[in-house]
Amino acid sequence: MKSFSKYIILLAAVLLTGAASAQSVRDLRFNEILIKNVDNFDDEYGRHVPWIEVFNTAYNSVNMAGCFITDDTTGYADGRKKGGNIPEHWYRIPKTDIHTNMPQRSYLVFYLDAQPLYGTFHVNFDPRTSKTNYIALISADGKDLIDIMYYPKQELMDSVVSYGYEKDGITEDKAVFMEQFTPGCSNEVKMTVSKQERLKRDDPYGIGLAIISMSVVFTALVLIYLMLKLFGYSSKKIAQRNAKKSEIESGAKSSLAAAEVKEDEEDQLTGEQIAAITMALHLHFNSMHDEESEVITIDMPSAHYSPWAQKELAMKKTPVLRRK
Amino acid sequence: MFDFFKEGLIQFFGYSGFGNCTWGHIIMICVGLFFITLGIVKEFEPMLLVPIGFGMIIGNIPFTDGLQIGVYENGAVLNYLYFGVIKGFYPPLIFLGIGAMTDFSALISNPKLILVGAAAQFGIFAAYAIALLLGFTPMEAGAIGIIGGADGPTAIFLSSKLAPSLMGAIAVSAYSYMALVPVIQPPIMRLFTNEKERLIRMRPPRAVTHREKVLFPLFCILLTAFLVPSGIPLLGMLFFGNLLKECGVTKRLANTASGPLIDIVTILIGLTVGASTQATNFLTPKSILIFVLGAFSFVVATATGVLFVKFLNLFLKEGNKINPLIGNAGVSAVPDAARVSYVEGMKYDKTNYLLMHAMGPNVAGVIGSAVAAGILLSFLY
């Protein structure tokens, strides 16, 4: 029974690992594409070729090695091993290149130049000669379509403009023609004004900030003030309730208490007596004495009390001649 | 042979402090000695001024670059210790200790005193506005303004985020003015109050229950942190420390936070902040401006605290009035500002003990300056 449980746990672990891995690759999205590349982003060889950008939407690294990029998804549902061959236009991303491991929220550019021998990031098809108007990303087993990006082929062929999503990885939105080319970085590049610049522009004398800040400081401390007021009110109520309760209890035992009070009054100590006792206790617990146990003397210490390092006392004493 | 010795001596001299000394180094060493003297002889904040002063001496002994000695050199021991200042993790640890040491009873028993702590923060924003006019960037102005909060750890925390290059000047300025509270505040207090106001007797505070003391840090962190989340590092540690103290079941933790821990961090922060004032980085016109602005901020904070109490008194019945001499305690130099209130009060009435009352706005000032730092951080960072 025990070994059976072990197998179940092992199987679950394997399945979970697989699922986790598959889930990671599924976080990849095509983000931006450019086909007519005149003087734009160039590859390692200085050539201006079409490119497509992949974005890792996950907050963990994803290795896309083994996955396929294609412009023809025919047969993907049957898996890549149909007939033992990978379909012609399927570009398999090599597993040997460490650069295919994408850090969280990062970007990777593939060159669509039909030159797979030029390197890992050069696919084996070219959209300019392709019959389709999409690019697809397929999982390593060839069965899952991870992402597909349709693009207006004619417009992209005719004009130097890229096409992508305004917000990185949000493929639910409609892709648009981009105002800027952003290969390898975020599409959300807009001229933004920093907080500092905005403050300097809108509040050059700091009066606005002072008013807002003082309002917030006062709000925070007024909230605490109200809370403390509530504390005070509730503790007063509790004290009153307790006093009332003890009054009722004491009423029931009034006769007994009366006798006790009389006795207490007789035993009541005066302020001076309490002070004297308190002082005595204080002296006792803090080891303070009028007379200390140590004896102060001007006599030379004997060898018995000498510190070990006092060489003079460790030496043999000169014999004293006694005369009778 | 003679040439060899001569060259060796010249080379040695080149490596020594004498060979690299400039007037800047000498001035800064003198400032360090002055701080140590103030701390030891006058006993002005000795726990801060002695480490800072000694740090200034260490930081300004001239040396040849590249030997991994200086506080700004990667790999130097001082650089590792300075890391806690740059990354801002010393100040929250100090706040933990402050929380574990502070008794908020005075505040809980007389809640309206907390508003004085809020009013005194105006100095921060007044200095911010003036710094902007003098040409500092908003971030630099925010870091300079916090000097008016009179809270060294908060000043270091905020300047490490907003203007790291000015941190040395800001920290030294903040600690200097904190130490000089007994010198700076009394004239301002006297200027804005009359004889009659100085003699106001305040009602004795009511007894505060254990339950109130335990609930106080819990409610306070919820209220303030939700309002200003950027103040969490300081406020969170302050109220956590106070909970350790008041809950009664974590005595050991409270003792550590308020004893050895805060002592260690105070030593490290004081020494490294002092060492960061290397003449080459510190002796600039900007530093002088920061000192001037810091003083201005401190004066405004004291004045607004006193004036706000007078304003509050307009609405309070006879017998409930507040002595304006405790208004200065709204700046968070704990407990020196409260002690100044007490001393000033005693000058006019030997039987008017203001210390306990002044502790209310004083601890409110700690909360107020931490909230103000959080606001500046959220606006400027």
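In what follows, every chain begins at residue 1, and chains take the letters A, B, ... in the order their sequences are listed. Predicted model, so just to flag it, every value in this text is computed and none were measured. The figures that follow rest on heavy atoms only: side chains count, while hydrogens, waters and symmetry mates do not.
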Table up the donor-acceptor pairs between chain B and chain A that sit under 3.5 Å, atom names plus distance.
residue: S378(B); atom: O; partner: K195(A); partner atom: NZ; Å: 2.8
residue: Y381(B); atom: O; partner: K195(A); partner atom: NZ; Å: 3.2

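- Looking at I212(A), the atoms closer than 4.5 Å to chain B (heavy atoms on both sides) all sit in the side chain, from C-beta outward.
- In terms of heavy-atom proximity, L115(B) sits nearest to V222(A) at CD2-CG2, 3.6 Å.
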Kindly determine whether I224(A) and F216(B) satisfy side-chain contact (heavy atoms from CB on, under 4.5 Å), including the steps that lead there.
CA-CA 9 Å; I224(A) 297 176; F216(B) 177 77; 4.1 Å; yes
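- Between F122(B) and F218(A), a ring centre-to-centre spacing not shorter than 6.0 Å is recorded.
- With respect to chain A, the highest number of heavy-atom pairs below 4.5 Å among A372(B), A119(B), A126(B) belongs to A119(B).
- Residues L199(A) and L132(B) are not in side-chain contact: their nearest non-hydrogen atoms beyond the backbone lie 4.5 Å or more apart.
- Contacts with chain A were tallied for P138(B), A129(B), G117(B), G145(B); P138(B) has the most, counting heavy-atom pairs under 4.5 Å.
- Contacts between A131(B) and chain A at a heavy-atom distance below 4.5 Å are absent for every atom of the residue.
- In plain terms, the two heavy atoms of L221(A) and A364(B) that are nearest each other are CD1-O, 4.3 Å.
- V371(B) approaches A220(A) most closely through the heavy-atom pair CG1-CB, 4.2 Å.
- Contacts of V228(B) with chain A are made by side-chain atoms alone, with heavy-atom separations under 4.5 Å and no backbone atom involved.
- Between the CG atom in L222(B) and the CG atom in L223(A) there is a gap of 11.5 Å [rounded to 0.5 Å].
- Interface remark: L107(B) contributes backbone and side-chain atoms alike to the contact with chain A (heavy atom separation under 4.5 Å).
- Between C220(B) and M227(A), the closest heavy-atom pair is SG-CE, 3.8 Å.
- Contact of L215(B) with chain A is made through backbone and side chain together, with heavy-atom distances under 4.5 Å.
- Applying the side chain to side chain contact (heavy atoms under 4.5 Å, CB included) test to A155(B) and every residue at least two apart in sequence or in another chain returns I146(B), I170(B), A174(B).
- In this structure, chain B has a heavy atom under 4.5 Å from the side chain of I238(A), while its backbone stays farther away.
- Both the backbone and the side chain of I108(B) come within less than 4.5 Å of a heavy atom of chain A.
- Note that the CG atom of L209(A) and the CG atom of L380(B) stand 6.0 Å from one another [nearest 0.5 Å].
- When heavy atoms are compared at a cutoff of 4.5 Å, L133(B) approaches chain A solely by way of its side chain, counted from C-beta outward.
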